[in-house]
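Note sheet for the following structure.
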Number of protein chains: 2
Amino acid sequence: MVGIVDVAKKANVSTATVSRVLTKPETVRGTTMEKVLKAIEALNYQPNLLARQLRRLETKTILVVVPDITNPFFSKVLRGIEAVAVAKGYQVLLGDTGNDVEREKGYLNILQQKKADGMVLLTARMDAAAVEEVARSFPVVLACEYIEGSRIPTVSIDNISGARKATEYLIDLGHERIGCITGPLDIVLSRDRLKGFYQAMARKNLIVDPVLVQEGDFSFDSGFNLMMKFFALGQLPTAIFAASDDMAMGVIKAIKSKGLKVPEDISVLGFDNLKFSSIFEPGLTTIAQPAFEIGENAMELLMKLINKEEVKREQIILADQLVVRESVRTI
Amino acid sequence: MVGIVDVAKKANVSTATVSRVLTKPETVRGTTMEKVLKAIEALNYQPNLLARQLRRLETKTILVVVPDITNPFFSKVLRGIEAVAVAKGYQVLLGDTGNDVEREKGYLNILQQKKADGMVLLTARMDAAAVEEVARSFPVVLACEYIEGSRIPTVSIDNISGARKATEYLIDLGHERIGCITGPLDIVLSRDRLKGFYQAMARKNLIVDPVLVQEGDFSFDSGFNLMMKFFALGQLPTAIFAASDDMAMGVIKAIKSKGLKVPEDISVLGFDNLKFSSIFEPGLTTIAQPAFEIGENAMELLMKLINKEEVKREQIILADQLVVRESVRTI
DNA sequence: GACAATTTTGTAATCGATTACAATCCAAGT
DNA sequence: ACTTGGATTGTAATCGATTACAAAATTGTC
């Protein structure tokens with residue numbers, strides 16, 4: 001492999017000069033510049049970034065930890081992150097945890113081992129203390145998720161108000177017996193959506209039937225199964241708020257499988273606004289999260305941390321939006 | 001930051017010994033081992049991987065170049081890659097090209113700059129020569145895509161026979177006037193699927209109406225638009241073979257929008273078998289690609305190249321499968 | 001206890017760039 | 001021609017680990 005010394009030799013200059021041509025061209029004379037460039041060209045020299053990084057103590061790489069890259073919501077956030085990263089000359093190291101807390105923890109080491117300059121976490125199921133610890137010494141930002149009582153910079157929507165808005169929409173259309181299928185309750189974000197649901201019900205003085213609140217795991221299957229459970233229990237609500245579009249679709253499938261119709265018999269409202277939610281029939285009424293923008297903002301925030309710029313707001317809350325389609329109707 | 005010298009000092013040994021504790025524990029005596037481990041523990045030392053990598057000239061990182069991470073098919077392949085990579089102690093650097101050939105090319109440098117030990121390409125739209133060039137000096141494997149006349153190791157399905165199988169299925173059900181909506185024809189894989197379509201038609205002595213062969217771009221929208229074009233032209237086939245499930249769904253949406261039904265009025269057959277294709281209504285009849293396995297195999301192949309093991313078969317063809325659901329019926 | 005064989009440890013070179021500092025060059029001013 | 005100061009260039013230290021080789025310590029044998 002050709003190294004900087006080969007180029008230096010060929011161009012009859014020192015390695016320092018070659019290095020300067022590459023990194024501070026304004027400090028070398030035009031004629032030597034040409035000589036060096038010619039040598040680089042001739043040898044097809046590419047600097048070894050490992051060496052540069054070791055010397056500069058920076059990798060121009062950031063780590064993104066995702067619970068499941070297969071989930072279109074996360075992949076869209078990831079794309080937002082990537083877009084900004086590339087624009088700023090950074091590369092993205094991918095850490096898919098497969099929803100496994102242990103693997104999630106493992107990725108924390110990558111920062112300490114200096115393989116990345118910073119990290120964006122799209123999941124934070126591990127113990128808060130460990131994350132805090134790492135965040136004290138390295139740039140870390142949370143996207144989507146947040147950690148209660150922590151000052152780690154975060155980008156997300158307001159899940160409580162989003163869920164509240166969704167539930168109020170159902171109530172305003174006349175629904176009173178409303179079911180809620182939540183995400184895994186060990187995740188703050190799931191608890192927030194549930195909280196928003198309760199808040200809306202309480203504000204309108206409606207009673208929540210505990211049977212109608214069930215814990216899912218955001219997946220289509222869990223939505224399907226929990227709806228089937230409602231059928232089995234003989235406890236049918238007039239509307240259901242599902243904490244993810246995937247689950248909402250599962251719920252609708254279950255309803256259809258029983259020969260009932262959405263929204264005629266039961267209304268269903270989702271959360272996320274996946275691309276597929278508009279293709280699905282009936283079109284899902286849902287709370288839209290600006291996934292791409294969440295990614296962009298998270299990466300921009302991370303850049304500021306890396307560059308030690310002042311960060312005014314540590315918690316960025318982006319706007320969510322109720323998207324009305326056909327899966328909900330007035331009672 | 002604490003380095004190996006700090007540990008060495010604290011444990012009263014040389015840096016060499018500390019290094020050995022970390023990498024060849026069997027060569028150090030039990031008692032010193034303990035001393036060193038204690039020091040490591042006390043200082044919370046994590047070795048700087050950059051330094052190790054520079055010395056060893058390996059990064060334990062592989063680059064995956066994807067046209068669009070948001071596409072669930074690719075993200076599933078990526079997951080397969082990641083699963084094997086993690087199991088073998090490798091990390092994944094993500095290169096999303098956003099379908100941009102220039103960015104695709106740019107990622108080739110990462111290998112030469114030694115930021116990765118090898119590369120899996122899920123897209124190969126750039127000029128073959130450039131890829132070949134890189135593949136001569138570095139481990140590269142293609143997944144899904146392949147390059148004509150190249151000996152770069154590849155993992156994929158047989159797109160020609162898959163498409164042929166799909167088309168023959170339609171023909172066997174009595175369809176004769178069959179439309180084909182292809183992927184972008186600058187991609188080999190799209191041309192192969194089209195080729196398979198033609199082969200099936202020819203084998204059964206059916207005439208292909210050129211109007212019914214249209215070039216899409218794999219997206220839902222292009223499927224929708226091209227089907228609308230068929231309507232506008234007043235040229236309706238009895239069945240359509242779409243080269244991706246996304247397009248198939250677009251086609252079906254378009255048909256429904258005209259008040260017709262699938263499969264009663266027109267049959268539609270897709271390609272890929274996305275998770276969503278079974279949720280969609282009608283359930284998509286389609287050719288299933290083993291996305292996860294493609295990823296796994298590609299990564300395993302890459303590992304062999306990296307370890308300079310003998311590679312018997314350079315071209316791995318995995319089995320595709322016709323999945324029959326409800327979007328196709330006999331005429 | 002002496003000596004050889006074997007283990008264990010240390011010294012210093014090395015990976016391939018960057019960069020502080022020193023040395024040299026060059027042009028302008030007198 | 002002779003300074004002088006800024007622009008260029010070179011020398012060598014440096015980033016933080018690994019590892020070849022040498023040295024020291026240990027073990028076993030007679």
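Predicted model, so just to flag it, every value in this text is computed and none were measured. Proteins get letters first, then strands, A, B, ... in listed order; numbering begins at 1 in each.
No donor-acceptor distance shorter than 3.5 angstrom exists from the side chain of B:Asn71 to the backbone of B:Asp68, with no hydrogens or angles considered.
Put simply, B:Arg20 has no side-chain N or O that comes within less than 4.0 Å of OP1 or OP2 on C:dG10. Dashed line: the shortest gap from a side-chain N or O of A:Ser14 to OP1 or OP2 of D:dT9 is not under 4.0 Å. A sub-4.0 Å separation between OP1 or OP2 of C:dT18 and a side-chain N or O of A:Arg52 is present. Between B:Thr32 and C:dT9, a side-chain N or O to OP1/OP2 separation shorter than 4.0 Å is present. An OP1 or OP2 oxygen of C:dC25 is reached within less than 4.0 angstrom by no side-chain nitrogen or oxygen of A:Arg29.
Contacts of A:Leu57 with the nucleic acid, taken as non-hydrogen atoms under 4.0 Å apart, involve only primed sugar atoms and P, OP1 or OP2. As judged by a 4.0 angstrom heavy-atom cut-off over every strand, A:Ser19 is placed among the base-contacting residues. Residue contacts shown for B:Val18 are absent, as no nucleic acid heavy atom lies under 4.0 Å away.
For A:Glu314 and A:Thr154, the side-chain atoms include no donor-acceptor pair closer than 3.5 Å. Side-chain atoms of A:Thr123 and A:Glu145 form no donor-acceptor pair, as typed in the model, at a separation below 3.5 Å. Judged by distance alone, the side chains of B:Ser19 and B:Lys24 never bring a donor and an acceptor atom under 3.5 Å apart.
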>> Go through it in stages, so that I can follow the logic: the residues are B:Phe73 and B:Gln289, the test is side chain to side chain contact (heavy atoms under 4.5 Å, CB included), and I'd like the CA-CA distance, side-chain angles, deciding distance and then a yes or no.
In response: CA-CA 9 Å; B:Phe73 175 72; B:Gln289 289 204 64; 3.5 Å; yes
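Take the nearest nucleotide of DNA chain D for B:Thr17 and for B:Leu54: the residue whose nucleotide is more 5' is B:Leu54. Across the interface with DNA chain C, nearest-nucleotide mapping of A:Tyr45 and B:Gly30 shows B:Gly30 to be the residue nearer the 5′ end.
Here C:dT18 presents its P atom at 6 Å from CG of A:Leu22, a figure rounded to the nearest Å.
Terminal axes of the helix from C:dG1-D:dC30 to C:dT30-D:dA1 (five pairs each, C1' rotation axis) are separated by 40°, to the nearest 10°.
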Every protein N/O within reach of nucleotides 12-14 of chain C N/O, cut-off under 3.5 Å:
residue: C:dT14; atom: O2; partner: B:Arg55; partner atom: NH1; Å: 2.8

